[in-house]
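Everything on this sheet refers to the single structure shown next.
Order of the sequence lines sets the chain letters (A, B, ...), proteins ahead of strands, with each chain counted from 1. Keep in mind that the numbers below use all heavy atoms, side chains included, and drop hydrogens, waters and symmetry copies. None of these values were measured; they are calculated from a predicted model.
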2 protein chains.
Amino acid sequence: MNLPPLIQSFVLHFGEMGSRWGINRTVGQIYALLYVSPEPLCAEDIVEALGLSRSNVSMGLRELQAWNLVVHKHLPDDRRDFFTTPDDVWQILRTLAEERKKREVDPTLSVLREILMQPAGSDEERFAQGRIAEMHGLIDQLTTWYDDVKRLETERLANLLSLGAKITRLLEAKDRVVTLGRRRPKAAREAGDTRADVAQAEGE
Amino acid sequence: MNLPPLIQSFVLHFGEMGSRWGINRTVGQIYALLYVSPEPLCAEDIVEALGLSRSNVSMGLRELQAWNLVVHKHLPDDRRDFFTTPDDVWQILRTLAEERKKREVDPTLSVLREILMQPAGSDEERFAQGRIAEMHGLIDQLTTWYDDVKRLETERLANLLSLGAKITRLLEAKDRVVTLGRRRPKAAREAGDTRADVAQAEGE
DNA sequence: CGGTAATTTCAGAAATTCCTGAAATCCGAG
DNA sequence: CTCGGATTTCAGGAATTTCTGAAATTACCG
């Protein structure tokens with residue numbers, strides 16, 4: 001590996017973390033390298049920087065493409081493929097979440113639903129179904145929330161997070177806030193909420 | 001493996017998912033089994049149900065204990081160790097999040113901070129530091145939000161999630177809502193927010 | 001068409017992770 | 001202290017995952 005020490009630490013740590021989250025270490029390293037590079041890189045650049053075999057880099061890039069994590073660029077008058085990451089880290093996070101949902105969460109939900117449809121032949125099985133239903137409910141709520149939030153642009157998403165704290169305090173102070181907007185007609189919501197709406201909804 | 005088919009599918013799927021998220025397959029299976037069992041199980045029960053070696057089960061349970069994911073029970077007049085999972089799935093999720101934060105997220109933040117402290121010797125390194133700073137910012141915001149939310153009891157956490165959707169609409173309609181409470185003195189915040197506070201803060 | 005450079009494929013080697021059985025340790029009871 | 005059941009440890013074998021080099025494929029160019 002032939003990199004400035006500062007970049008090398010990042011690449012190595014990122015690879016390490018990747019492998020703890022089920023992502024192949026070298027794929028993580030490739031991503032980290034692309035992430036911190038000012039210009040798009042071609043496969044050969046990556047081979048030189050990380051000291052991997054050409055074929056390994058090829059497989060890694062293909063993996064990253066399959067995850068939509070990488071942007072493919074063509075320079076004019078150059079047949080090589082160049083790659084970068086998106087500029088916006090929030091966008092990267094969204095993509096990662098989306099892909100993992102598609103590959104792992106959604107299939108899990110349908111497996112759980114299938115299990116819940118099966119007839120239980122014993123108390124043991126009935127109990128298990130109860131537990132599985134709880135888990136299904138949890139995942140379902142989380143994904144519903146996620147579906148809601150994922151479309152937000154970066155800036156709004158960041159805002160929502162920093163707001164999270166304050167909403168928390170509201171909830172602690174006053175349970176009824178959760179009825180916010182729940183019984184108001186669709187048309188009114190689409191017209192845009194205002195501070196008055198908030199106060200009104202809370203007061204219901 | 002010697003289990004009712006319904007439970008077996010769950011255990012197998014859970015093990016499979018575990019392994020995709022960096023958790024050893026059999027550890028995942030052990031957890032799944034404990035999760036759906038109405039009574040605490042001892043190591044020998046697990047050996048029989050899953051067909052693993054006794055030592056493997058021992059290592060798996062120790063791993064789960066290290067992650068705080070398992071509840072240790074002692075029955076009177078029985079020297080064996082029995083294990084269950086917490087009843088509340090949200091609590092399980094919290095524990096999982098907490099442990100992963102401790103082991104992976106926090107160390108990552110400090111590695112990134114360290115990298116950001118180093119003097120950059122080239123433009124390349126300076127650029128990389130900029131990117132790393134963005135990533136640090138992202139993780140930092142997420143963990144701040146998480147620290148805020150993690151203390152919520154189960155019911156409130158569920159409420160917050162279902163609220164997420166509606167807050168989103170507020171944000172879309174009206175940016176200014178994000179100033180909510182931002183410039184109010186600490187004492188006022190600790191006294192607990194009220195609707196009037198919200199309206200006042202927004203009006204600033 | 002060849003020629004050439006880039007990329008991909010894939011069988012097997014290398015590395016890593018996981019699992020096991022045998023032995024060691026622990027611990028309460030007698 | 002000794003016995004016996006429960007649990008843990010750990011070296012090495014098994015299984016899985018990752019990586020590589022050689023060969024194949026692709027695609028552009030003259």
Side-chain angles (χ1 to χ4, degrees), chain A residues 1-2 11-12 14-34 39-67 70-84 103-104, chain B residues 1 11-12 14-34 40-67 70-84 103-104:
Chain A
M1 194 173 297
N2 177 26
V11 164
L12 290 179
F14 204 93
E16 196 51 47
M17 283 305 115
S19 77
R20 294 219 204 169
W21 288 79
I23 288 157
N24 172 331
R25 182 161 315 168
T26 62
V27 171
Q29 293 179 356
I30 293 172
Y31 198 77
L33 180 65
L34 293 176
E39 301 298 331
L41 303 181
C42 72
E44 203 55 47
D45 297 334
I46 298 170
V47 167
E48 280 165 29
L50 302 181
L52 305 171
S53 74
R54 184 63 185 72
S55 51
N56 197 3
V57 170
S58 174
M59 287 157 99
L61 286 171
R62 135 185 297 264
E63 178 88 357
L64 289 171
Q65 284 175 283
W67 282 79
V70 116
V71 182
H72 198 175
K73 296 230 158 138
H74 281 285
L75 301 191
D77 293 336
D78 195 327
R79 295 212 253 126
R80 292 171 297 173
D81 290 327
F82 287 81
F83 299 91
T84 358
R103 290 158 195 245
E104 282 133 23
Chain B
M1 194 174 295
V11 164
L12 290 179
F14 204 91
E16 196 51 47
M17 281 306 115
S19 77
R20 295 220 203 169
W21 288 79
I23 289 157
N24 172 333
R25 183 160 316 169
T26 62
V27 172
Q29 292 179 356
I30 292 172
Y31 198 77
L33 180 65
L34 294 176
L41 303 180
C42 72
E44 202 55 47
D45 296 335
I46 298 170
V47 167
E48 281 165 30
L50 302 181
L52 306 171
S53 74
R54 184 64 185 71
S55 53
N56 197 2
V57 169
S58 174
M59 285 155 83
L61 287 170
R62 135 184 299 264
E63 178 88 358
L64 289 171
Q65 283 176 282
W67 283 79
V70 116
V71 181
H72 198 176
K73 296 232 158 138
H74 282 286
L75 300 191
D77 292 335
D78 194 328
R79 296 212 255 125
R80 292 172 296 172
D81 289 327
F82 287 81
F83 298 91
T84 356
R103 291 159 194 244
E104 283 133 22

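- For A:Arg20, the side chain to side chain contact (heavy atoms under 4.5 Å, CB included) partners at least two apart in sequence or on another chain are A:Met17, B:Arg103, B:Glu104.
- Applying the side chain to side chain donor-acceptor pair (under 3.5 Å) test to A:Thr84 and every residue at least two apart in sequence or in another chain returns nothing.
- Across every non-hydrogen atom of B:Pro40 and B:Lys73, the tightest pair is CG-CD, 4.2 Å.
- Between the C1' atom of D:dT7 and the CG atom of B:Asn56 lies a distance of 14 Å, rounded to the nearest Å.
- With rounding to the nearest 0.5 Å, the separation of CE in A:Met1 from CG in A:Leu12 is 4.5 Å.
- At whole-Å resolution of the value, CG in B:Leu52 and C1' in D:dA14 are 15 Å apart.
- Rounded to a whole Å, the CG atom of A:Leu50 is 17 Å from the P atom of D:dT18.
- Annotation: of the two residues near DNA chain C, B:Gly51 and A:Glu44, the 5′-most nearest-nucleotide partner is A:Glu44.
- At the phosphate of D:dG21, neither OP1 nor OP2 sits under 4.0 Å from any side-chain N or O atom of A:Arg54.
- Here B:Arg80 does not reach the OP1 or OP2 of D:dT7: none of its side-chain N or O atoms lies under 4.0 Å away.
- Spacing between atom CG of B:Asp81 and atom P of C:dC26 amounts to 15 Å, rounded to whole angstrom units.
- Looking at residues two or more places apart in sequence or on another chain, you find no side chain to side chain donor-acceptor pair (under 3.5 Å) involving B:Asn56.
- For B:Asp77 and C:dG28, the CG to P distance is 14 Å, given to the nearest whole Å.
- Sorted by first then second residue, the salt bridge (Lys or Arg N to Asp or Glu O under 4.0 Å) pairs that include residues 49-66 of chain A, not counting sequence neighbours, are A:Glu44-A:Arg54.
- Rounded to 10°, the helix from C:dC1-D:dG30 to C:dG30-D:dC1 has 10° between the axis fitted to its first five pairs and the one fitted to its last five.
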In 5'-to-3' order, the base (B), backbone-only (S) or no-contact (-) status of each nucleotide in nucleotides 22-30 of chain D, using a 4.0 angstrom heavy-atom cut-off, is -----BS--

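- The interatomic distance linking B:Ile46 (CD1) with D:dA6 (C1') rounds to 14 Å, in whole Å.
- Residues forming a side chain to side chain contact (heavy atoms under 4.5 Å, CB included) with B:Asp77 (at least two apart in sequence, or on another chain): none.
- Distance check, rounded to the nearest 0.5 Å: SG of B:Cys42 to CG of B:Leu75 gives 9.0 Å.
- Non-hydrogen atoms lying under 4.0 Å from DNA chain C are contributed by B:Met59, all within residues 57-64 of chain B.
- Under the side chain to side chain donor-acceptor pair (under 3.5 Å) criterion, B:Ser55 pairs with B:Ser53, sequence neighbours left out.
- Of all the residues in residues 16-31 of chain A, A:Arg25 reach under 4.0 Å from DNA chain C with at least one non-hydrogen atom.
- Partners of A:Leu61 under the side chain to side chain contact (heavy atoms under 4.5 Å, CB included) rule, at least two apart in sequence or in another chain, are A:Ile30, A:Leu34, A:Ala43, A:Ile46, A:Val57, A:Phe83.
- Rounded to a whole Å, the CZ atom of A:Phe83 is 12 Å from the C1' atom of C:dT8.
- Between atom CG of residue B:Leu50 and atom CG of residue B:Asp45 there is a gap of 10.5 Å, rounded to the nearest 0.5 Å.
- Residues A:Leu33 and A:Ala49 share a closest heavy-atom pair of CD2-CB, 3.6 Å.
- A:Thr26 meets the side chain to side chain donor-acceptor pair (under 3.5 Å) test with A:Asn24; sequence neighbours excluded.
- Here the straight-line distance linking atom CG of B:Asp81 with atom CG of B:Leu41 works out to 12.5 Å at 0.5 Å rounding.
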